[in-house]
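Everything numeric in this text was worked out from a predicted model, so none of it was measured. All heavy atoms count here, side chains included; hydrogens, waters and symmetry mates do not.
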Amino acid sequence: MMIEALIAVCLVGAAAVFLAPDRYAGRLAFGISVLPLVGSLFMYSQFDASGNALLASSENVAFYTRTTWIEVGELFRLDWHVGLDGISMPLLALTTILTTLAIVSAWTPIDERQSQFYGLVLFMEAALIGVFSALDFFVWFVFWEAVLIPMYFLIGVWGGPRRKYAAIKFFVYTNIASLVMFIGYVALVIGLGIDTFDMADVATALVVDGAAPSAFPGVSADALKTIAFFAMFAGFAVKVPVVPVHTWLPDAHVEAPTPVSVLLAGVLLKMGTYALLRFNFTMLADVATEFAWLLAGLAVISVIYGAMLALAQQDLKRIVAYSSVSSMGYVILGLVAYTTYGVGGATFQMVSHGLISGLMFMAVGVIYNTTHTRMVTDMSGLADRMPITTGIFLAGAFGYMGLPLMSGFAAEFYVFAGAFEATESIGTYAPIFTALAMFGIVIVAGYLLFAMQRTLFGPFSLETDYEVTRAPVHDVLPLFALLGLVILLGVAPELAFEMIRDAVGAIPAVGGA
């Protein structure tokens, strides 16, 4: 019942923070968030699952609970079904770590309606834990949709001048995407005569037993699977986001307060790639391999186009936001490779990017708190006035560029090694796709080095009248924590990759590689 305990603590804590006076809300939320953080780290240390939660027996899933929730005669059954494998365990730990650090980073910029802000953050943490642990589709979908509610208000109430536009755009894009995905999955299950929405049972019916004939007249089972695959892919691609359905992301990031950007880039984007791995690339692996060349092309386009967009930006937040589009392209490329290192590297990249993007957004937030601007053209020479923040910002940028001994290097190495050998899924063009994606690193280095050289070095200059002062300790400590984790996973990637590799080991065989 460990997973249920984490969710309950977050929900009860959210209610308590909502009712607390504003002046105590931030510290109370931090204290409450430490409980699921400690709990998840304890679960991580005790983790003993083997195999994949959708492709292995329930006895091999950690912290497993399954009990009947809703039963409608013999038509269908909904179960409360949760558990963790080597894919979901690192992402759950990432969620609790970033939530706690985001709460601390909010102490400076959030100065009104604090109890509501921190209560929504804890509520969102509960929903995110549910997304990464639920193994029944309807339970998972309830948590998936629940994440949208607090994020909408966190952007729309505490965001920048265009916050309402950004919040509505975020909600419309992601809600329509969820509807398309939902229709695709339900049509797949009903059309193939599967009498349960449990994700493990559906995966077994599709992968092990083979799909039954389609119940829809004039639509074959293969055609139904293809339609369902692209419906779900379209829905999840918005959340990732994949080019060309990425346009909501820069607006949401620019208008969102820094702690919300940390959670948006660090965790919410991983919901999309996690769902792609669970649904599209596990349940419908035969369709994924059939269209692998198309998916690999989309991945490369996202990498290159996202990096080029970042190169053209002058707002530090937009630079980091478009960097996320580029980084998520590597995840798609690794998934479509259908090799152990490709899929494992994609999962490791989810964790690595969550830490690095969180670090970069927090560093940008500290710079904005002390200068009141994020525009590259408005400032220079900050290294002399903000040496600690500058040093950490530099380290985070080098992590994005794949500097050895940092998690970004390990993640990209795994992805490229797996994609280069993906001749059975992508085909003979796999090395070309991989080489094109690797070129994205050059562009990343270009825009990050330009931004750092312009803002951090040279003679000091600031276009605003705001005096640069030393950042509070609670603004800087989360940066040290994230940088430490980035280096730790870069030096010892097996701390996460070992359990990830065990969980994804069966997926290449499912994909025919």
Side-chain angles (χ1 to χ4, degrees), residues 2-3 6 36-65 81-98 128-135 140 199-200 203 266-267 270-271 273-278 281-282 330-331 334-335 337-356 406-415 417-418 482 484-511:
M2 287 291 293
I3 296 172
L6 296 186
L37 171 61
V38 173
S40 68
L41 295 179
F42 173 78
M43 293 164 68
Y44 199 99
S45 67
Q46 300 298 310
F47 182 80
D48 61 353
S50 61
N52 189 290
L54 301 192
L55 302 174
S57 64
S58 59
E59 289 78 12
N60 297 328
V61 179
F63 311 108
Y64 176 87
T65 302
H81 186 189
V82 295
L84 299 172
D85 63 3
I87 296 171
S88 50
M89 182 72 253
L91 292 172
L92 187 147
L94 174 70
T95 299
T96 59
I97 290 170
L98 285 182
L128 288 167
I129 292 172
V131 167
F132 294 126
S133 60
L135 296 174
W140 175 87
M199 292 158 58
V267 187
K270 311 310 175 291
M271 290 169 56
T273 49
Y274 172 80
L276 282 173
L277 174 55
R278 289 298 200 201
F281 290 92
T282 299
Y330 292 126
V331 176
L335 292 178
Y338 272 110
T339 59
T340 299
Y341 277 102
V343 181
T347 308
F348 191 88
Q349 170 74 345
M350 297 183 208
V351 179
S352 171
H353 178 264
L355 297 173
I356 296 176
M406 303 188 81
S407 63
F409 173 81
E412 291 170 1
F413 175 80
Y414 291 142
V415 169
L482 286 176
L485 290 171
V486 169
I487 295 174
L488 178 63
L489 288 184
V491 174
E494 68 275 5
L495 292 175
F497 191 72
E498 185 175 347
M499 67 171 65
I500 290 172
R501 181 170 50 192
D502 179 66
V504 305
I507 295 178
V510 170

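- Residues Ala49 and Asp502 approach most closely at O-OD2, 3.9 Å, considering heavy atoms.
- For the atom pair Lys270 NZ and Gln349 CD, the distance stands at 8.5 Å (nearest 0.5 Å).
- Nearest approach of Phe348 to Ser407, heavy atoms of both residues: CE2-O, 3.7 Å.
- Counting heavy atoms from C-beta outward, Leu41 and Thr96 have side chains that stay 4.5 Å or more apart.
- Taking 4.5 Å as the limit, some side-chain heavy atom of Leu6 sits within range of a side-chain heavy atom of Met43.
- Of all the heavy atoms in Ser133 and Leu84, the pair that sits closest is CB-CD2, 3.8 Å.
- Looking at Ser352 and Leu489, their side chains never come closer than 4.5 Å, going by heavy atoms from C-beta outward.
- Atoms OG1 and CG, on Thr65 and Leu135 in that order, are 10.0 Å from each other to the nearest 0.5 Å.
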| request: Go through the steps to decide whether Leu128 and Leu91 satisfy the test side-chain contact (heavy atoms from CB on, under 4.5 Å), and finish with yes or no. | output: CA-CA 9 Å; Leu128 288 167; Leu91 292 172; over 6 Å; no

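- Between the side chain of Asn52 and the backbone N or O of Ala503, at least one donor-acceptor pair lies under 3.5 Å.
- In this structure, OG1 in Thr347 is found 12.5 Å from CZ in Arg501, a value given to the nearest 0.5 Å.
- Here the side chains of Pro493 and Tyr414 are in contact, with some heavy-atom distance below 4.5 Å.
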| message | What verdict does the side-chain contact (heavy atoms from CB on, under 4.5 Å) test give for Ile87 and Tyr274, after you've listed the backbone C-alpha separation in whole Å, the side-chain angles of each residue and the deciding distance to 0.1 Å? | response | CA-CA 8 Å; Ile87 296 171; Tyr274 172 80; 3.9 Å; yes

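- Of all non-hydrogen atoms in Gly83 and Ser88, the two that sit nearest each other are O-OG, 4.1 Å.
- Annotation: His353 is not in aromatic contact with Tyr330 [ring centroid separation under 6.0 Å not met].
- Here the CD-CE distance, from Gln46 to Met89, works out to 11.0 Å after rounding to the nearest 0.5 Å.
- The environment of Phe413 atom CZ is sparse: at most 12 non-hydrogen atoms of other residues, nucleotides or ligands sit within 6.0 angstrom.
- Summarising the geometry, atom CG belonging to Leu482 is positioned 6.0 Å from atom CG belonging to Leu355; distances are rounded to the nearest 0.5 Å.
- Once rounded to the nearest 0.5 Å, the distance linking CD1 of Ile507 with CZ of Arg278 reads 7.5 Å.
- Checked against a 6.0 Å centroid threshold, the rings of Tyr341 and Phe497 count as neighbours.
- Residues His81 and Ala200 approach most closely at CE1-CB, 4.4 Å, considering heavy atoms.
- Closest approach of Pro508 and Tyr338 over heavy atoms only: CB-O, 3.3 Å.
- Using a 4.5 Å heavy-atom threshold, the side chains of Val82 and Phe63 count as separate.
- For the pair Ser40 (side chain) and Pro36 (backbone), a donor-acceptor distance under 3.5 Å is present.
- A heavy-atom distance below 4.5 Å is not found between the side chains of Leu277 and Thr273.
- Phe132 has its side chain within reach of Val267: a pair of non-hydrogen atoms, C-beta onward, lies under 4.5 Å apart.
- Counting heavy-atom neighbours within 6.0 Å of Glu494 CD, excluding the residue itself, gives a total above 12.
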